[in-house]
Protein chains: 2
Amino acid sequence: MTQSSLTAILHLFQAQARLEERFSGALGGVHGLGLKEALLLMHLHQAPMLRLTRVDLAKRLHISASTVTRMAVPMEKLGLVVRQPDPRDARLAYVVLTETGQAIVTDARATFERLAAEVFRDRWTEQEIVGLGELLGRLNSNQVGILV
Amino acid sequence: MTQSSLTAILHLFQAQARLEERFSGALGGVHGLGLKEALLLMHLHQAPMLRLTRVDLAKRLHISASTVTRMAVPMEKLGLVVRQPDPRDARLAYVVLTETGQAIVTDARATFERLAAEVFRDRWTEQEIVGLGELLGRLNSNQVGILV
DNA sequence: GCATAGTGCTTGCAAATGCAACGAATATGC
DNA sequence: GCATATTCGTTGCATTTGCAAGCACTATGC
């Protein structure tokens, strides 16, 4: 049991490292977005009112709040997101997806899907892909994800 | 097919982010090693003659060669690894695991196994863990991993 | 053999990132 | 109500990291 657990975890780390390289390059080339920027937009895309606070984003992306603050600046300048203070709680500053941002995120998601399909194109059956997704999903069962 | 592929990839990213947090914290607390340092040592541990060149390490760890150079410095000072030039090719500088390093890597691997087992402790059957490992292993089939 | 190309490693520099401290605002305990 | 604790967001600072350039060495083509 401990042997198979270690195997699974090490393979997961290895797989992620390679996939991140692959996705970062391709996403950056197509949309000028980094992988992390794309994931941020996708989180906003499936959030109620297309918005999330910065700490909420930080938790979902597993990065620090300061990084979210800094990532948001250039994305605001590009018009992908807008800063929106909360009228009830003056501490909160939502990051809101704009219409431009929605268009970009739709595009980025399509690229994501294409890249993901490529990963499994050879030697994978639909059932295996679904199985992998379900097992990994179970690992994230107490997490907030992008998927609807 | 593209939908299930996307699901699997997004879950993989999400799972890795959480596991990296978990493992980084625990490994650092126990051995004073970062996750990446531990993985570097584990790669050396299963390599022929307990050694690898810096570029080889970089490829296996999916980091740049300069990062390997810099990571090696403090680990040499701690006596975990030693620099060993190749007599045949003066360009090569192997990173060699010392006896101290072997002891540490054995320890770190035990910690790794314990942490990995914890991840799956609840709601996972042995068969599911093995299945996950095999599917992820297939994603890495053309990669050089740590596992023997 | 020699010129050229390629490889391994290091270093300078810039970008990214986390941590801790801070200020502002809200929540809590009494 | 008020004092204290907590939360959110930002900023300064240090650390980490990759990229590009450079140096030393080796392989290749002729």
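Within every chain, numbering begins at 1; the chains are lettered A, B, ... in the order of the sequence lines, protein sequences first and strands thereafter.
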With a 4.0 Å cut-off on N to O distance, would you call Asp86(B) and Arg88(B) a salt bridge? no
| request: Classify the angle between the aromatic ring planes of Phe112(A) and Phe23(A) as parallel (below 30°), tilted (30 to 60°) or perpendicular (above 60°). | output: tilted
Notebook entry, point to check: OP1, OP2 of dG18(C) versus side-chain N and O of Ser64(A): anything below 4.0 Å?
Noted result: yes
Rounded to whole Å, the CG-P distance (Leu40(A) to dT17(C)) equals 11 Å
Comparing nearest nucleotides in DNA chain C, the 5'-proximal residue of the pair Arg88(A), Ser66(B) is Ser66(B)
Whichever of Arg54(B) and Val68(A) has the more 5' nearest nucleotide on DNA chain C, that residue is Arg54(B)
* Asked: Any donor-acceptor pair under 3.5 Å linking the side chain of Arg18(A) with the backbone of Leu139(B)?
  -> yes
Keeping the roles fixed (side chain from Gln46(B), backbone from His43(B)), state whether a donor-acceptor pair exists under 3.5 Å. yes
* Asked: Are Arg70(B) and dT10(C) close enough that a side-chain N or O sits under 4.0 Å from OP1 or OP2?
  -> no
- prompt: Under 3.5 Å, is there a donor-acceptor pair between the His45(A) and Gln102(A) side chains?
  reply: no
Side-chain donor/acceptor of Arg83(B) to backbone N/O of Tyr94(B), under 3.5 Å:
no
Taken to the nearest whole Å, CZ/Arg83(B) to C1'/dG8(C) is 10 Å
note: Leu57(B), atom CG; dT7(C), atom C1'; distance rounded to Å ~ 16 Å
Is Leu12(B) reachable from Leu147(A) through a run of I, L, V, M, F, W or Y residues, each pair having side-chain heavy atoms under 4.5 Å apart? yes
query = Any salt bridge between Glu118(B) and Arg114(B), counting N to O under 4.0 Å?
reply = yes
Rounded to whole Å, the CG-P distance (Asp56(B) to dC9(C)) equals 9 Å
Students should find that the end-to-end axis angle of the helix from dG1(C)-dC30(D) to dC30(C)-dG1(D), with five pairs defining each axis and rounding to 10 degrees, is 40°
Ranking Thr67(A) and Asp89(A) by the position along DNA chain D of their nearest nucleotide, the one closer to 5' is Asp89(A)
Rounded to whole Å, CG of Leu92(B) lies from C1' of dT7(C) at a distance of 9 Å
Rounded to whole Å, CE of Met75(A) lies from P of dA16(C) at a distance of 13 Å
Outermost contacting nts on DNA chain D, any atom under 4.0 Å from chain B heavy atoms, listed 5' then 3', are dT17(D) to dT26(D)
Salt bridge or not between Arg123(B) and Glu128(B)? Use side-chain N to carboxylate O under 4.0 Å. no
| said: With a cut-off of less than 4.0 Å, is there a side-chain N or O of Thr53(B) near OP1 or OP2 of dG8(C)? | reply: no
Taken to the nearest whole Å, CD/Glu20(A) to C1'/dA16(C) is 13 Å
Here the distance between atom P of dG8(C) and atom CG of Leu52(B), to the nearest Å, is 13 Å
